[in-house]
Amino acid sequence: KLGAKLGSVNKELEMEIRLWASFRFQPFARTLRGLIHYVGALRLYAQMDHPQWDKKEVDDEVNKKFQLLWAHQAYGDYLKNKDAKAEDTKVLVDYYYRKYGYVIDIAYLEERTPPGETKAFYNILARLNPANNRIEDVFKIRLTDCFPIISEGKPGNQVNTRRFARGEILMTMDMNQDFYVEQTLK
């Protein structure tokens, strides 16, 4: 393996290399980068509109007006199976939080069997807790005992995520897109 020949590299360099490779294909990291640039544009707009505000006031206003909600359909399975992709999700969300100071919400489905109850599906909203560097559940809604996505995967996943969206405007994007200005015109 090439990686074994290179030896170990520090975590920051490894992350930069992984992101560099991801930006050249169609993974979520590329779309997330574009959306984070949109957050930067909103911050700049808020600073121009309110020059008297400090950084915290600008960030609070942007966080109030814009929510980045990731409809991560497979995240529950990653957690359940202790898949390395669950850790990759945390690393990606943590990277963007540390670099840009913006918390990303994650909505996912999970099958659980609470003690004394029957198996059921839950729609869960999770968020990175910067204090302990862990993704923690914020809200949990019990759904049905059978699989709750009635339509095709992507639109059904977006419907399940919608219940956690806040604000007056909802914009959905495929994960294989960067964030282009044209996306705001949909």
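With salt bridges taken as basic N to acidic carboxylate O contacts below 4.0 Å, one links Arg142 and Glu117. Salt-bridge annotation for Asp60 and Lys56: present, with a side-chain N of the basic residue lying under 4.0 Å from a carboxylate O of the acidic one. Ionic pairing of Asp137 and Arg112 is present here: one or more N-O contacts between side-chain nitrogen and carboxylate oxygen are shorter than 4.0 angstrom. A salt bridge links Asp88 and Arg18; the closest N-O separation between the charged side-chain nitrogens and carboxylate oxygens is under 4.0 Å. The pair Asp59-Arg43 counts as a salt bridge, with a side-chain nitrogen and a carboxylate oxygen less than 4.0 angstrom apart. Ionic pairing of Glu136 and Arg127 is not present here: no N-O contact between side-chain nitrogen and carboxylate oxygen is shorter than 4.0 angstrom.
Residues Glu111 and Lys119 form a side-chain contact, since some pair of their non-hydrogen atoms from C-beta on lies under 4.5 Å apart. Taking the side chain as every heavy atom from C-beta outward, Arg134 and Leu128 never approach each other to under 4.5 Å. Side-chain atoms of Ile141 and Tyr122, non-hydrogen and from C-beta on, never get closer than 4.5 Å to each other. Contact check for Asn160 versus Leu109: side-chain heavy atoms found under the 4.5 Å cut-off.
Interatomic distance, Leu35 CG to Leu69 CG, rounded to the nearest 0.5 Å: 11.0 Å. The line from NZ of Lys140 to CG of Leu125 is 13.5 Å long, rounded to the nearest 0.5 Å. Between the CG atom of Asp105 and the CD1 atom of Ile135 there is a distance of 10.5 Å, given to the nearest 0.5 Å. For the atom pair Glu110 CD and Tyr75 OH, the distance stands at 9.5 Å (nearest 0.5 Å). Atoms CD and CD, on Gln47 and Gln52 in that order, are 11.5 Å from each other to the nearest 0.5 Å. Summarising the geometry, atom OH belonging to Tyr102 is positioned 12.5 Å from atom OH belonging to Tyr97; distances are rounded to the nearest 0.5 Å.
Among Val39, Leu32, Val103, the one residue that satisfies the side chain to side chain contact (heavy atoms under 4.5 Å, CB included) test with Tyr96 is Leu32.
A ring-centre distance under 6.0 Å is found for Phe66 and Tyr38.
Checked by atom type and distance alone, the side chain of Glu61 never pairs as donor or acceptor with a backbone atom of Val58 at under 3.5 Å. Between the side chain of Asp83 and the backbone N or O of Ala86 there is no donor-acceptor pair closer than 3.5 Å.
Across every non-hydrogen atom of Ala126 and Tyr108, the tightest pair is CB-CE2, 3.9 Å. Residues Trp70 and Leu92 share a closest heavy-atom pair of CH2-CD2, 4.2 Å. Annotation for Arg166 and Lys64: closest pair NH1-O, 3.1 Å, computed over non-hydrogen atoms.
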**Asked** Could you go step by step and tell me if Leu42 and Lys65 meet the side chain to side chain contact (heavy atoms under 4.5 Å, CB included) rule?
**Response** CA-CA 9 Å; Leu42 290 174; Lys65 302 259 184 194; over 6 Å; no
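Two different hydrophobic clusters hold Tyr45 and Val62 under the rule that ILVMFWY side chains link at heavy-atom gaps under 4.5 Å. Side-chain heavy atoms closer than 4.5 Å link hydrophobic residues (I, L, V, M, F, W, Y) into clusters, and following such links, possibly through other members, connects Val91 to Ile104.
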